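The figures here come from the full heavy-atom set of this structure, side chains too, leaving out hydrogens, waters and symmetry mates. Computed from a predicted structure; not experimentally measured.
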Amino acid sequence: MSAYPVNLEGKTVSTPRDERYNPQAVEEKWAERWQSDPSLYAAEAHPTKPKYYVLEMLPYPSGALHMGHVRNYAIGDALARYMWMNGYNVLHPMGWDSFGLPAENAAIKNNTPPKQWTLGNIAAMKKQMKRLGFAYDWSREVTTCLPDYYRWNQWFFLKLYESGLAYRKKSRVNWCGQCATVLANEQVVGGMCWRHEDQPVEQRELEQWFLRITKYADELLRDLEKLQGWPEKVRTMQQNWIGRSEGTLIDFDLGGTVGPAGSTVTVFTTRVDTIYGATSLQLAPQHPIIADLTARDAGLRAQVEDLIAQQRLARETGDIGNIEKHGVFTGRHAKNPFNGEAIPVWVANYIVMDYGTGAIMSVPAHDERDYEFAKKYGLEIRLVVLPANLDEEETMTAPPLPYTPSDGMLVNSGEFSMLSCADAIKKMTHNAEEKGFGKATVTYRLKDWGISRQRYWGTPIPMVYCDKDGLVPLTEKDLPVILPDNVPITLAGGSPLASVPEFLNTTCPKCGGPARRETDTMDTFVDSSWYFYRYTDARNDKAPFDGAKIDYWFPIDQYIGGVEHAILHLIYSRFWTKFMRDMGLIKNDEPAWRLFTQGMVIKDGAKMSKNLGNVVSPDEMVARYGADATRMYSLFAAPPDRDLDWQESGIEGIQRFLGRVYRFFLKYPIETRRETPAAASVPPNAAAQPLTPEARALQRKMHQTIKRVTSDFQGRWHFNTCIAAIMELVNDIYGAEAAFASARISFLLIGELQRNIALLLAPMAPYMSHELWAMAGETSNLLKAPWPKYDAVLAAEDEKEIPVQINGKLRGLIVVPAGASKDQIEKAALADEKIQAAIAGKHIAKVIVVQGKLVNLVARDGS
RNA sequence: GCGAGAGUGGCGGAAUUGGCAGACGCACCAGACUUAGGAUCUGGCGGGUUAAACCGUGGGGGUUCGAGUCCCCCCUUUCGCACCA
């Protein structure tokens with residue numbers, strides 16, 4: 001590099017090719033060095049520093065990274081590097097969420113075994129990650145599809161089974177025909193499969209394994225309060241998902257048994273206060289008692305089937321919210337336990353079986369849906385709540401119906417009349433409990449987590465079926481149950497593992513007799529529910545991890561990923577944490593204190609997709625602009641929480657900037673600085689010498705930049721403004737080039753500028769920073785070089801430019817010493833020529849001086 | 001319908017507590033250096049005007065010496081949930 005003649009004239013010259021920054025050559029050189037030292041990014045074994053666990057959500061190994069990944073990891077990597085430089089013991093691991101359906105689809109399509117396909121993809125993506133320069137501790141790599149990981153899924157399953165949190169039941173499940181498997185409620189999006197937007201989800205009856213996440217519903221809801229470091233949005237989404245609702249269960253008697261399902265219908269209501277206004281019962285078409293009610297009435301049965309069909313259709317089109325209300329009278333009546341009145345029992349398509357009890361009391365006067373239904377079928381509408389305003393006249397006036405507020409007063413409600421709604425709810429619930437026909441209850445929207453999948457590429461469930469002993473769990477020493485290779489995969493339905501006799505046939509752990517294995521596998525969300533714990537102790541073959549290590553590293557200090565995991569992954573992993581805590585394995589009760597959800601990477605305003613042909617490949621960007629520019633642009637183009645519109649011309653701007661930085665180092669290399677006469681003339685105690693104005697300005701800018709980058713980095717996570725600040729500094733350096741040439745800026749300052757620029761860029765453009773660090777004559781490892789500190793005195797301005805307003809409008813600018821008093825500022829403002837001209841003939845009513853900020857003169861006409 | 005965000009030049013975006021709106025970058029224009037330019041450097045760049053005045057942060061009100069920022073009403077838009085009883 002010293003072969004290039006330094007231009008001490010400071011004149012603009014053309015840039016020869018060899019002066020251009022060549023990212024490929026530089027990045028490859030450093031990548032090679034970094035890869036030769038596997039311990040480079042390892043956390044300390046015997047910690048002497050405070051810990052910091054930064055984690056990006058692990059990817060599914062689909063075959064290639066996309067820009068969304070790059071953005072996610074660029075953020076995490078910048079943070080990890082920043083924390084290293086700030087003296088933390090950083091844990092920054094990576095792994096692979098590698099079970100799941102795409103591997104099976106690929107197997108069918110290409111006739112490649114899922115394992116081979118998956119491991120091949122992992123190798124390819126790992127290579128991409130290394131090329132991008134992400135600083136992961138690969139010695140802790142977790143690959144969920146390998147037995148050394150999934151055996152612990154099985155281990156946890158046995159523990160869950162032992163504690164009654166894993167159970168099996170026959171249930172109506174969501175079935176995706178294209179996946180040929182069951183979906184969790186969380187995987188059904190608007191009636192469609194989360195993976196196949198155009199595939200309506202069917203309902204099937206199957207024996208399934210469930211995890212009792214509802215046991216933790218209340219705690220999962222309550223602890224959201226503690227997660228102040230999570231985006232409000234995510235907490236709200238989880239809150240809605242859990243959907244806690246307080247209400248009352250009330251039994252309505254059908255006046256004699258109608259069949260096996262009994263003689264009462266229990267309704268759930270949040271408004272028991274309106275029960276005197278109930279004029280019918282409405283059942284969901286799937287309600288169990290309907291089988292009994294229709295047993296001798298084929299016509300009614302057919303009508304109910306029709307309602308079910310309507311509901312299904314509406315669900316499939318995602319239009320369940322707007323379903324045209326239909327219902328049918330069953331011919332039966334039920335007794336309202338409060339007033340003894342017999343009210344008709346109907347079946348209606350707007351009642352869903354999977355919320356509450358699948359049965360409601362219909363109160364048309366005080367519920368919009370019930371009102372609409374009652375109007376349509378001519379059911380009685382009975383007012384039982386009046387507005388309770390201070391204005392008596394209004395209170396006595398019947399409100400327009402339906403009247404739904406719950407701050408009114410009861411009427412026509414027997415002994416409860418004249419009570420407020422709130423009091424009535426309490427007293428009526430109490431009354432029901434005393435008399436044994438009802439009770440207070442809490443319902444949740446959250447359902448238990450169905451984890452059975454009729455697929456091959458997942459963790460085998462460690463249970464067997466014995467003819468003699470029935471359902472038997474395996475024991476710890478039987479683990480892992482290895483997922484066999486060479487399994488024929490089809491989408492014919494049913495579990496592929498059932499067709500493998502060597503797998504299927506086993507012996508019962510209890511009696512030693514012949515038994516069959518469970519052939520379903522686990523939902524892949526099981527894998528990702530606890531993977532981040534495994535990173536702390538990834539090679540442990542005696543336990544999932546060592547609790548002492550969890551105590552040290554957890555909770556995760558910063559978790560970073562896409563908002564699409566706001567519900568599924570993030571609620572399951574919170575559940576898993578609470579379960580492990582209750583097992584005594586860990587002490588923390590939340591996995592991550594801080595969560596950051598980055599925005600999507602889009603192109604031309606649309607999500608990148610193969611269909612639209614607007615996919616930007618990271619490989620191509622790296623090949624064209626280098627890893628640094630690719631990463632840095634993804635940090636610069638938008639604040640990290642917003643969507644980022646990828647523009648090729650934008651990354652060119654970053655490339656240009658990096659080139660400018662590089663040329664600054666190239667033009668003033670350390671060798672030359674030592675040798676030039678200008679350098680030699682700098683006295684040894686140059687730092688103590690008063691600086692020229694140009695040098696002082698640059699020095700000040702340098703300290704201001706350090707200050708800004710530091711605060712934007714840690715406080716606000718605005719990487720875009722961090723980069724903008726560094727750009728400003730570089731622009732100022734170029735602006736002062738003439739002073740460099742005339743030696744009015746010392747080589748000591750140039751060296752300081754260079755070192756600080758390398759340090760400031762290190763988290764965001766690691767390759768180039770390392771190169772620059774070496775060019776600046778530094779031999780230490782930049783990865784752990786101390787983050788620069790700014791000097792507040794040196795960052796301070798000597799004088800300030802202060803805007804002067806008249807009546808709030810800018811009318812002039814004055815320059816005052818930085819520490820000027822209010823009086824001085826006011827005097828200077830009034831003395832300014834422009835201001836004097838502007839206020840001529842006017843009377844100054846008031847002068848507002850904000851020290852160091854602004855002057856506003858309130859001027860009125862006349863004197 | 002409920003909940004949470006967002007709305008600023010041609011574009012991406014700055015403006016941390018109310019205090020010079022448009023930092024930084026892109027695009028564009030002009031110039032320099034060039035055999036050349038998809039290189040580099042310098043300058044310009046919200047509207048308006050010769051220059052000013054003036055107008056400008058989705059719209060309308062308000063508070064204030066002063067509002068992109070605070071308050072009220074409305075519009076648009078993104079995301080999540082939804083006959084949830």
Side-chain angles (χ1 to χ4, degrees), chain A residues 11-17 19-20 189-190 231-241 243 245 247 267-271 274 282 284 311 314 320-325 348-352 354-363 367-370 372-373 443-445 563-564 566-567 600 633 636-639 641-654 656-657 659-660 663 708 711-712 715-716 718 720-728 730-731 734-735 737 801-813 845-848 850 852-859:
Chain A
K11 248 177 67 182
T12 304
V13 292
S14 68
T15 309
R17 295 218 174 260
E19 201 190 333
R20 290 206 207 151
V189 181
E232 172 85 32
K233 177 185 171 136
V234 173
R235 288 190 291 143
T236 310
M237 281 166 72
Q238 291 212 356
Q239 193 181 321
N240 292 340
W241 190 261
S245 173
V267 305
F268 172 72
T269 177
T270 54
R271 290 295 305 274
T274 64
Q282 301 290 342
Q311 229 180 39
I320 186 83
N322 300 318
I323 192 170
E324 165 94 32
K325 290 183 180 50
N349 64 356
Y350 73 96
I351 311 301
V352 294
D354 50 12
Y355 185 78
T357 59
I360 65 153
M361 59 177 202
S362 175
V363 185
D367 183 281
E368 288 187 19
R369 296 150 299 173
D370 294 346
E372 186 188 335
F373 190 85
T443 59
Y444 295 92
R445 190 185 170 283
V563 74
E564 66 273 17
I567 295 173
M600 281 192 308
Y633 176 64
F636 178 68
D641 52 333
R642 279 210 231 168
D643 285 352
L644 184 162
D645 199 283
W646 193 272
Q647 291 178 4
E648 187 104 11
S649 55
I651 192 171
E652 282 169 14
I654 292 290
R656 237 176 333 247
F657 164 68
R660 257 161 95 78
R663 280 191 304 279
R708 246 183 93 186
S711 72
D712 282 4
R716 312 197 307 155
H718 279 197
N720 53 335
T721 54
C722 289
I723 296 169
I726 303 170
M727 285 174 167
E728 278 186 51
V730 172
N731 288 347
Y734 274 81
E737 250 202 312
E801 205 177 48
I802 290 184
V804 182
Q805 299 180 337
I806 294 171
N807 297 334
K809 298 208 167 171
L810 184 68
R811 283 293 180 266
L813 286 169
K846 199 174 174 188
V847 181
I848 291 135
V850 183
K853 281 268 170 77
L854 138 156
V855 178
N856 189 18
L857 306 173
V858 184

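- At least one side-chain nitrogen or oxygen of A:Lys809 sits closer than 4.0 Å to the OP1 or OP2 atom of B:C55.
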Derivation of the side-chain contact (heavy atoms from CB on, under 4.5 Å) call for A:Arg811 and A:Lys809: CA-CA 6 Å; A:Arg811 283 293 180 266; A:Lys809 298 208 167 171; 3.8 Å; yes
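- The CD1 atom of A:Ile651 sits 13 Å away from the P atom of B:A27 (whole-angstrom rounding).
- With B:G19, B:U42, B:A85 as the choices, the nucleotide that has an atom nearest any side-chain atom of A:Val850 turns out to be B:G19.
- A donor atom on one side chain and an acceptor atom on the other are found under 3.5 Å apart for A:Arg660 and A:Asn731.
- Residue contacts for A:Gly243: at a heavy-atom cut-off of 4.0 Å it reaches no nucleic acid atom on any strand shown.
- Which of B:C83, B:U17, B:U40 sits closest to the side chain of A:Lys853 comes down to B:U17.
- Set against B:G80, B:A85, B:C83, the side chain of A:Ser245 has B:A85 as its closest nucleotide.
- Between A:Arg642 and B:A14, a side-chain N or O to OP1/OP2 separation shorter than 4.0 Å is present.
- On a pure distance criterion of 3.5 Å, a polar donor-acceptor pair joins the side chain of A:Lys325 and the base of B:C83.
- In this structure, CD of A:Gln238 is placed 15 Å from P of B:G80, rounded to the nearest angstrom.
- In this structure, A:Ile360 and A:Gly735 both approach RNA chain B, and ranking their closest nucleotides by distance from the 5' end singles out A:Gly735.
- Using P as the reference atom, B:C24 and B:A36 are 32 Å apart when rounded to the nearest Å.
- Atom OG1 of A:Thr274 is separated from atom CG of A:Asp367 by 8.0 Å, given to the nearest 0.5 angstrom.
- Where A:Thr721 and A:Met361 meet RNA chain B, the nucleotide closest to each residue was compared, and A:Thr721 sits on the side nearer the 5' end.
- Across all strands shown, A:Glu728 has heavy atoms under 4.0 Å from sugar-phosphate atoms exclusively, and none from any base.
- Taking a cutoff of 4.0 Å between a charged side-chain nitrogen and a carboxylate oxygen, A:Glu372 and A:Arg369 do not qualify as a salt bridge.
- The side chain of A:Arg716 places an N or O atom within less than 4.0 Å of a non-bridging phosphate oxygen (OP1 or OP2) of B:A15.
- For the P atoms, the distance from B:C28 to B:G37 is 15 Å, rounded to whole Å.
- A gap of 28 Å separates the C1' atoms of B:A14 and B:A53, to the nearest Å.
- In this structure, A:Asn807 places its CG atom 16 Å from C1' of B:A67, rounding to the nearest Å.
- Counted within 6.0 Å of CD on A:Glu368, heavy atoms from surrounding residues, nucleotides or ligands total 12 or fewer; the atom is thus considered open.
- Contact annotation for A:Asp643: backbone-only contact, meaning every heavy-atom pair under 4.0 Å involves sugar-phosphate atoms and none involves a base.
- Between B:A85, B:G12, B:C20, one nucleotide has an atom nearer to the side chain of A:Phe268 than all others, and that is B:A85.
- Closest contact between the side chain of A:Arg660 and the listed nucleotides B:C83, B:C41, B:A4 involves B:C41.
- Taking atom P on both nucleotides, B:C2 is separated from B:C74 by 12 Å, rounded to a whole Å.
- Checking the phosphate oxygens (OP1, OP2) of B:C54, a side-chain nitrogen or oxygen of A:Arg811 falls inside 4.0 Å.
- In this entry the base of B:G9 is syn relative to its sugar, with a glycosidic angle within 90° of 0.
- Residue A:Arg369 has its side chain nearest to B:A85 when only B:G19, B:A85, B:C41 are considered.
- As a whole-Å value, the separation of A:Phe373 CZ from B:A85 P is 18 Å.
- Remark: side-chain polar atoms of A:Asn856 are not paired, donor with acceptor, to backbone N or O of A:Val804 under 3.5 angstrom.
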Strand RNA chain B in bracket notation, Watson-Crick/G-U under 3.5 Å with | for pairs to another chain: (((((((..(((......[....))).(((((.......))))).((......))..(((((..]....))))))))))))....
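- The phosphate of B:A14 has OP1 or OP2 within less than 4.0 Å of a side-chain N or O from A:Asn720.
- In this structure, A:Gln311 and A:Val352 have side chains that are in contact, with non-hydrogen atoms separated by less than 4.5 Å.
- Atom-to-atom, CD1 of A:Ile726 to C1' of B:A23 comes out at 14 Å; the value is rounded to the nearest Å.
- Here the side chain of A:Val858 is nearest to one of B:C65, B:U16, B:A14, namely B:C65.
- Taking only side-chain nitrogens and oxygens, A:Arg656 comes nearer than 4.0 Å to OP1 or OP2 of B:A27.
- Of the candidates B:G13, B:G19, B:G80, B:G13 carries the atom nearest the A:Pro639 side chain, counting heavy atoms from C-beta on.
- Using C1' as the reference atom, B:C29 and B:C79 are 40 Å apart when rounded to the nearest Å.
- One atom, CD of A:Gln282, and another, C1' of B:C84, lie 16 Å apart when rounded to the nearest Å.
- What separates CD of A:Glu368 from P of B:C2 is a distance of 10 Å, to the nearest Å.
- Look at the C1' atom in both B:A52 and B:G7: the space between them is 33 Å, to the nearest Å.
- Among the nucleotides B:U42, B:U16, B:G25, the one closest to any side-chain atom of A:Asn731 is B:G25.
- Of the side-chain N and O atoms in A:Arg235, none sit less than 4.0 angstrom from OP1 or OP2 of B:G3.
- Remark: A:Asn856 is not in phosphate contact with B:U64, judged by side-chain N or O atoms under 4.0 Å from OP1 or OP2.
- Checking side-chain atoms of A:Asp643 against main-chain N and O of A:Met600 turns up a donor-acceptor pair under 3.5 Å.
- Summarising the geometry, the separation between CD on A:Glu737 and P on B:A32 is reported as 20 Å, rounded to the nearest angstrom.
- Rounded to the nearest Å, the gap between the P atom of B:G48 and that of B:C41 is 31 Å.
- Of the listed nucleotides (B:C26, B:G13, B:C41), B:C26 has the atom at the smallest distance from the side chain of A:Ser649.
- Listed by chain and number, the residues in a salt bridge (Lys or Arg N to Asp or Glu O under 4.0 Å) with A:Arg656 amount to none (sequence neighbours excluded).
- The OG atom of A:Ser362 sits 7.5 Å away from atom CZ of A:Phe373, with the distance rounded to the nearest 0.5 Å.
- Between the A:Tyr633 side chain and the A:Glu648 main chain, no donor and acceptor come within less than 3.5 Å of each other.
- The gap from the C1' atom of B:A82 to that of B:C65 amounts to 49 Å, rounded to the nearest Å.
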